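Working notes, structure below.
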Amino acid sequence: MIQISQELLKPFASKYIWWKTPEEAVSMPGRVIAQVMNIGDYADVQALAAQVGDAVLRDVLMHAEAGQFNERSWAYWHYHLGLSSVDHVPPLPVRKFS
């Protein structure tokens with residue numbers, strides 16, 4: 001479970017989780033962080049990374065749910081955070097039905 005200040009995430013939540021109130025969105029900090037990692041603009045990604053650190057970003061990536069990342073962001077963050085080699089990026093998470 002990610003422990004990040006909800007106040008720190010509210011500006012990101014209001015911009016990137018527009019379908020919920022910021023208060024609702026920050027109750028799931030990993031979702032807010034994943035959304036910024038996936039579709040955030042350069043300034044927001046840099047600000048988020050500086051505020052939460054690489055360990056949190058790795059945790060979000062390693063526990064990502066299906067649909068949270070597109071292929072481009074998925075590959076970028078794996079390379080950037082040292083979680084994959086140049087010739088191998090793990091597959092995107094997929095939904096599993098029982």
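Along the sequence shown, the residues carry numbers beginning at 1. Keep in mind it's a predicted model, so treat the numbers as computed, not measured.
In this structure a side-chain-to-backbone donor-acceptor pair under 3.5 Å is present from R58 to L81. Put simply, the side chain of Q46 never gets that close to the backbone of A43: no donor and acceptor are under 3.5 Å apart.
Scanning both residues, R95 and A66, for their nearest heavy atoms gives N-CB, 3.5 Å. The two atoms that bring V89 and A75 nearest to each other are CG1-CA, 4.0 Å, heavy atoms only. Between P29 and L9, the shortest heavy-atom distance links the atoms CB-CD1, 3.5 Å. Minimum interatomic distance between A13 and V32 (heavy atoms only, all atoms of both residues): N-CG1, 3.9 Å. The nearest pair of heavy atoms linking F12 to D44 is CE2-O, 3.7 Å.
Linking Ile, Leu, Val, Met, Phe, Trp and Tyr whenever their side-chain heavy atoms come within less than 4.5 Å leaves L92 and F97 in two separate clusters. No path of Ile, Leu, Val, Met, Phe, Trp and Tyr side chains, each step under 4.5 Å between heavy atoms, connects M28 with V60, placing them in separate hydrophobic clusters.
With no hydrogens or angles considered, no side-chain donor-acceptor pair links Y16 and N38 at under 3.5 Å.
Taken to the nearest 0.5 Å, the CG atom of L8 stands 8.0 Å off from the CD1 atom of I33. The distance from atom CD of Q68 to atom OG of S73, rounded to the nearest 0.5 Å, is 12.0 Å.
Relative ring orientation between H80 and W77 is described as perpendicular, the plane-to-plane angle rising above 60° on a 0-90° scale split at 30° and 60°.
Ion pairing between a basic and an acidic side chain is recognised when a charged N comes within 4.0 Å of a carboxylate O; E23 and K10 show such pairing.
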